[in-house]
Amino acid sequence: MAEKKIGLIIRKSPYTSLEAVEAMRMGVGLTIRDIEVYVFLLEDGLKALEKDGSKKKSAELIFKKHLETLNELGQTLVAESRLEKIDEEFYWKLNPDIWSRDRIFNFIARCDGVVVV
């Protein structure tokens, strides 16, 4: 089991923010160092699990690929408890834990490091 826990809080939409994509890339890289990564999708970050009527943007596709990679590596993905227009296929592929905002912030307080975008 990993000695350190890092929380990635994604508050920005992967549709509009390269910061969200870069945070996810960093999360994948941290797993090489045997660090346990927790990804928290909050606010606009939840758009990663929602359907989008527009064309798929490369940033979004890369973001989703990083989410899938972290999931395959056994890292924890958590979505805030309010989801609206879910992309059913992608959602069930990842099967994120659903936590309340209070539970997320209580957990984050015990992490060794936190990245917020």
Side-chain angles (χ1 to χ4, degrees):
M1 183 166 213
E3 292 182 25
K4 294 194 179 226
K5 289 185 240 178
I6 301 293
L8 299 178
I9 299 176
I10 308 297
R11 296 175 54 212
K12 294 184 178 184
S13 170
Y15 300 131
T16 59
S17 172
L18 285 177
E19 293 168 336
V21 174
E22 288 301 309
M24 294 302 297
R25 183 182 61 79
M26 183 186 69
V28 172
L30 288 170
T31 63
I32 295 169
R33 305 289 298 192
D34 197 30
I35 294 174
E36 201 170 345
V37 177
Y38 290 80
V39 178
F40 299 94
L41 300 174
L42 308 172
E43 300 167 10
D44 285 347
L46 286 169
K47 292 183 190 301
L49 301 175
E50 295 178 355
K51 286 189 178 189
D52 180 30
S54 67
K55 288 183 174 180
K56 298 289 184 191
K57 298 177 182 173
S58 61
E60 176 202 354
L61 296 174
I62 294 168
F63 184 90
K64 285 187 172 187
K65 184 62 182 165
H66 290 325
L67 272 178
E68 290 171 352
T69 301
L70 286 167
N71 190 48
E72 290 168 6
L73 292 170
Q75 305 306 304
T76 304
L77 172 62
V78 177
E80 186 179 10
S81 54
R82 57 174 191 86
L83 292 170
E84 295 170 14
K85 310 171 284 187
I86 294 174
D87 179 341
E88 294 280 339
E89 182 180 343
F90 189 64
Y91 177 84
W92 289 112
K93 182 177 186 178
L94 296 177
N95 197 21
D97 294 339
I98 306 295
W99 292 6
S100 69
R101 188 170 276 231
D102 286 342
R103 183 176 177 193
I104 290 169
F105 290 137
N106 285 333
F107 184 87
I108 285 292
R110 296 187 314 270
C111 283
D112 296 299
V114 179
V115 175
V116 181
V117 294

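V116 and L42 fall within a single hydrophobic cluster, where Ile, Leu, Val, Met, Phe, Trp and Tyr side chains are chained together by heavy-atom contacts under 4.5 Å.
Residues meeting the side-chain contact (heavy atoms from CB on, under 4.5 Å) test with D97, sequence neighbours left out: T76, V78, W99. When the side-chain hydrogen bond (donor to acceptor under 3.5 Å, both in side chains) test is applied to R25, the partners found at least two apart in sequence or on another chain are E22.
Side-chain atoms of L41 and E80, non-hydrogen and from C-beta on, never get closer than 4.5 Å to each other. In this structure, E36 and Q75 have side chains that are in contact, with non-hydrogen atoms separated by less than 4.5 Å.
When each of V37, V39, L8, N95 is tested with L77 by the rule side-chain contact (heavy atoms from CB on, under 4.5 Å), just one qualifies, namely V39.
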Which donor-acceptor pairs under 3.5 Å do the side chains of residues 102-115 make with protein atoms, sequence neighbours left out?
from, atom 1, to, atom 2, distance (Å)
N106, ND2, D102, O, 3.2
R110, NH1, N106, O, 3.1
D112, OD2, K5, N, 2.8

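Going from atom CG of L61 over to atom NZ of K64 covers 7.5 Å, rounded to the nearest 0.5 Å. Note that CD of E72 is 5.5 Å distant from NZ of K65, once rounded to the nearest 0.5 Å. With values rounded to the nearest 0.5 angstrom, L67 atom CG is found 4.0 Å from M24 atom CE. We find the CG-CG distance between L70 and L30 to be 9.0 Å, quoted to the nearest 0.5 Å. Note: I35 CD1 to E3 CD = 9.5 Å, rounded to the nearest 0.5 Å. To the nearest 0.5 Å, the span separating CZ on R33 from CD1 on I6 amounts to 12.0 Å.
Under a 4.0 Å N-O distance rule, the pair R101/E43 qualifies as a salt bridge.
L18 CG: 12 or fewer foreign heavy atoms inside a 6.0 Å radius.
In this structure, F63 and P14 approach most closely via the heavy-atom pair CG-CB, 3.4 Å. The heavy-atom pair separating A20 from S13 by the smallest distance is CB-O, 4.4 Å.
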